[in-house]
Amino acid sequence: MFGDQRLLVMSSKYQKDAEKLEIQRWLKGIPFSHFITIEPTPAFPFKQDEVVARLRLLEFRLNKKYLKSSFSKWSDDNRFWMVGFREGDGVSHQIHYHILLHSPSVLHKKIQFENVSADLQMGWMMMPSQNPYTGKMRRFCLDGKPPLNIQKVESVTATTIYCSKWMNRIDEGEGFFFTTPSNNKPIRVAA
């Protein structure tokens, strides 16, 4: 009986590894523009729900600022969207998040100062955030270090592998997340 259980656990691990590799293969084909790290805050780490809500609002603001008002009906290739990954267990490794931002190749509004990185950083710092443990309001940039580390993606392959490296170590369903659902139409398959 013990041997069967061990085989089941090993089979499950290989299944998860195969799923992780498939997701990484898919992500490598997407031209992400920015790699964002939400720095760890050991005293009161962000909960994933709050991170998703904050990123969803930032994503909406980017789409509204740089694209036409009909952007919500556009395909994923033509609008801003994000996929995020949680890293850390909160014990031996501080919890933080890695985010990949897809930016459209064409921006439809002429903005004098076009700076997506600055829009993200300032937008994040301007949003109020309450410490879930003490109820006090969080303050960002007290030590001079910005809460987001934002970089342009130089290698999509390297960045996606780095961001998703903790996928199998996190509880089910918390390994990665999208800020908004896909707008692409489902593909019909002939029966």
Side-chain angles (χ1 to χ4, degrees), residues 5-59 62 76-77 79-104 116-117 119-121 123-125 127 129 131-133 138 140-141 143 145-182 184:
Q5 289 174 342
R6 189 170 143 197
L7 186 59
L8 184 61
V9 169
M10 288 177 61
S11 174
S12 175
K13 181 189 179 325
Y14 291 124
Q15 173 80 21
K16 286 183 177 181
D17 287 344
E19 289 171 3
K20 176 181 170 180
L21 291 173
E22 184 63 26
I23 290 170
Q24 286 177 334
R25 185 188 66 74
W26 173 69
L27 289 171
K28 289 175 194 176
I30 299 170
F32 292 106
S33 60
H34 293 80
F35 165 53
I36 305 160
T37 300
I38 301 171
E39 297 294 342
T41 52
F44 38 90
F46 282 100
K47 294 190 179 219
Q48 187 165 315
D49 291 343
E50 182 181 2
V51 168
V52 172
R54 293 170 72 86
L55 291 173
R56 185 173 290 147
L57 182 57
L58 289 174
E59 177 186 293
L62 287 175
D76 294 339
D77 292 338
R79 60 189 175 112
F80 291 93
W81 59 273
M82 298 181 214
V83 60
F85 301 87
R86 190 180 109 190
E87 183 175 326
D89 57 12
V91 179
S92 62
H93 195 88
Q94 294 178 8
I95 295 173
H96 61 286
Y97 299 87
H98 297 294
I99 313 301
L100 293 171
L101 171 68
H102 172 272
S103 299
V116 171
S117 297
D119 292 337
L120 290 167
Q121 192 74 258
W124 183 273
M125 291 185 340
M127 275 188 259
S129 176
N131 179 333
Y133 304 103
R138 286 187 171 113
F140 298 112
C141 255
D143 59 358
K145 183 179 174 184
L148 302 180
N149 179 357
I150 304 170
Q151 302 173 17
K152 293 251 183 193
V153 171
E154 293 180 20
S155 167
V156 172
T157 300
T159 305
T160 55
I161 290 172
Y162 180 79
C163 288
S164 60
K165 67 183 179 278
W166 268 68
M167 275 183 64
N168 291 350
R169 299 187 202 179
I170 305 289
D171 295 335
E172 281 302 311
E174 294 185 0
F176 74 103
F177 54 87
F178 292 93
T179 52
T180 56
S182 173
N184 290 337

Nearest heavy-atom approach of Arg54 to Ser129 is NH1-CB, 3.4 Å
Which atom names give the shortest non-hydrogen contact between Pro40 and Gln94, and what distance separates them? CB-OE1, 3.2 Å
State, yes or no, whether a side-chain contact exists between Leu101 and Phe80 at a heavy-atom distance under 4.5 Å. yes
Heavy-atom check, side chain of His102 versus side chain of Asp76, under 4.5 Å: no
Apply side-chain contact (heavy atoms from CB on, under 4.5 Å) to the pair Phe85 and Leu100, showing each step before the final yes or no. CA-CA 9 Å; Phe85 301 87; Leu100 293 171; 4.1 Å; yes
Hey, does Glu59 have a side-chain heavy atom less than 4.5 Å from the side chain of Trp81? yes
Is the closest side-chain heavy-atom distance between Trp124 and Ile38 below 4.5 Å? yes
If we only count heavy atoms from C-beta on, is the His96 to Asn149 side-chain gap below 4.5 Å? no
Looking only at heavy atoms, the pair that brings His34 and Ile150 closest together is CD2-CG2, 3.9 Å
Side-chain contact test, heavy atoms from C-beta onward, threshold under 4.5 Å: evaluate it for Glu154 versus Phe35 and give yes or no. no
Should Gln121 and Pro147 count as side-chain neighbours, where that means a heavy-atom distance under 4.5 Å? yes
Which atom of His98 lies closest to which atom of Tyr162, heavy atoms considered: CE1-CE2, 3.5 Å
State, yes or no, whether a side-chain contact exists between Phe32 and Val83 at a heavy-atom distance under 4.5 Å. yes
Heavy-atom nearest pair, Val156 first then Lys28, reads CG1-O, 3.5 Å
